[in-house]
Amino acid sequence: METERAALVETFRRADPDAPTLCEGWTVRHLLAHLVQREHHPLRQAADVLARPRPGRERFLGRLVERARTPAGYAALLETFAAGMSAWNPVGWAGDRAHHVEYVIHHEDVRRGRGLVEPRVLPPDQVRAVWAELAPLARLGYLRSPVGVVQAVPGGPRRVVKRAADAVVVVGDPVELALHAAGRVDAADVDVVGRPQTVERFLRWSGPAEVARDGVDVS
């Protein structure tokens, strides 16, 4: 949703550019540069991904970060993100709605980088949108889980995202479920329920590094 981009812009504007985020090795400045690179320089984004550098050592991303070291440079980078995706970028043809969950997750990456904070209160239609759009991310995030995974909203809907004979239920509000599926395990306010041995197997696997290796591209 367009409103989530606008809300994320305001959070970037108020944040300390050098503050940590939930993305290992990235400050707020790195995360903003990542969004701009993804939306305006997809080939450079792909080159950085294929090179597999340590987080914070990306070649092309690093150039954007360095240009944003001054207040004026950071403000210019933020205005580029606020303006939306490049018209020639095929990723942008679907509009902001197709990237809504990514914006929500990155918004929390900024907000929770220094520890847990009070959850944002989102409009009901946006919460429903996060739930509706979450399924592909969740299926990819839990693809290699050693047990089945069901996502459930307290008092609300549930969905199977990984089928197996033994399964756990990950319970939380849609934003928290999105964070957990995307590997922000320590920052996500969820409960994992099921048979004790099944829960134990899932928790041994579900550390952030394991989920990241499944290829969830929201970092």
Side-chain angles (χ1 to χ4, degrees), residues 1-115 117-123 126 129-130 133 137 175 178-179 182-184 187 208 212 216-219:
M1 289 183 176
E2 294 80 2
T3 54
E4 185 62 18
R5 180 189 289 269
L8 182 51
V9 166
E10 288 307 308
T11 295
F12 274 125
R13 202 182 306 278
R14 294 191 303 267
D16 175 0
D18 293 313
T21 70
L22 296 181
C23 298
E24 180 185 358
W26 283 4
T27 64
V28 170
R29 197 188 324 268
H30 284 86
L31 186 48
L32 175 58
H34 161 73
L35 287 169
V36 170
Q37 178 169 267
R38 181 180 181 276
E39 298 187 353
H40 293 266
H41 307 287
L43 295 181
R44 296 175 189 174
Q45 165 77 5
D48 277 346
V49 171
L50 290 173
R52 299 176 66 86
R54 290 177 55 192
R57 301 291 184 87
E58 297 87 355
R59 177 185 177 190
F60 293 108
L61 182 69
R63 294 178 183 177
L64 284 178
V65 170
E66 288 305 313
R67 288 204 292 269
R69 288 292 180 192
T70 65
Y74 183 82
L77 193 66
L78 182 55
E79 290 308 310
T80 300
F81 174 64
M85 292 193 187
S86 294
W88 57 266
N89 187 343
V91 174
W93 295 347
D96 277 354
R97 182 174 293 274
H99 310 283
H100 179 221
V101 171
E102 179 181 5
Y103 295 152
V104 168
I105 291 171
H106 281 324
H107 203 153
E108 298 307 316
D109 286 338
V110 175
R111 295 183 69 248
R112 306 187 192 196
R114 284 180 164 156
V117 297
E118 286 295 318
R120 288 189 296 152
V121 178
L122 301 180
Q126 188 175 0
V130 171
E133 298 158 3
L137 170 69
V175 171
L179 289 171
R184 280 69 166 171
V216 181
D217 184 18
V218 288
S219 60

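What you see is a predicted model, and the numbers here were worked out from it, not measured in a lab.
- Partners of H107 under the side chain to side chain donor-acceptor pair (under 3.5 Å) rule, at least two apart in sequence or in another chain, are E4, T11, R120.
- If you take CZ on R29 and CG on L32, they are separated by 9.5 Å, rounding to the nearest 0.5 Å.
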Check residues 64-78 and write down every donor-acceptor pair under 3.5 Å in which the side-chain atom is one partner and the other belongs to a residue at least two apart or another chain.
{"residue": "E66", "atom": "OE2", "partner": "R69", "partner atom": "NE", "Å": "3.2"}
{"residue": "E66", "atom": "OE2", "partner": "R69", "partner atom": "NH2", "Å": "3.1"}
{"residue": "T70", "atom": "OG1", "partner": "G73", "partner atom": "N", "Å": "3.0"}
{"residue": "Y74", "atom": "OH", "partner": "F12", "partner atom": "O", "Å": "2.9"}

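- A19 meets the side chain to side chain contact (heavy atoms under 4.5 Å, CB included) test with D16, V28, R114; sequence neighbours excluded.
- Nearest heavy atom pair, residue C23 against residue L31, reads SG-CD1, 4.4 Å.
- Between H99 and R38 the shortest side-chain heavy-atom distance falls below 4.5 Å.
- Here R111 pairs with E108 under the salt bridge (Lys or Arg N to Asp or Glu O under 4.0 Å) rule; sequence neighbours left out.
- The side chain to side chain donor-acceptor pair (under 3.5 Å) check on E10 picks up R13, with sequence neighbours excluded.
- E39 CD to R5 CZ: the interatomic distance, rounded to the nearest 0.5 Å, is 4.0 Å.
- The line from CD of E102 to CG of D109 is 9.5 Å long, rounded to the nearest 0.5 Å.
- Minimum heavy-atom separation, L61 to H30: CD1-O, 4.0 Å.
- The shortest distance between side-chain heavy atoms of R112 and R184 does not fall below 4.5 Å.
- The heavy-atom pair separating I105 from A178 by the smallest distance is CD1-O, 3.9 Å.
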Return a table of donor-acceptor pairs under 3.5 angstrom between the side chains of residues 51-60 and protein atoms on other chains or two or more places apart.
{"residue": "E58", "atom": "OE1", "partner": "G56", "partner atom": "N", "Å": "3.0"}
{"residue": "E58", "atom": "OE2", "partner": "W26", "partner atom": "NE1", "Å": "3.1"}
{"residue": "E58", "atom": "OE2", "partner": "G56", "partner atom": "N", "Å": "3.3"}

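- Taking CZ of F81 as the reference point, atom CG of L35 lies at 5.0 Å (rounded to 0.5 Å).
- Separating the CG atom in D48 from the NE2 atom in H34 is a distance of 10.5 Å, to the nearest 0.5 Å.
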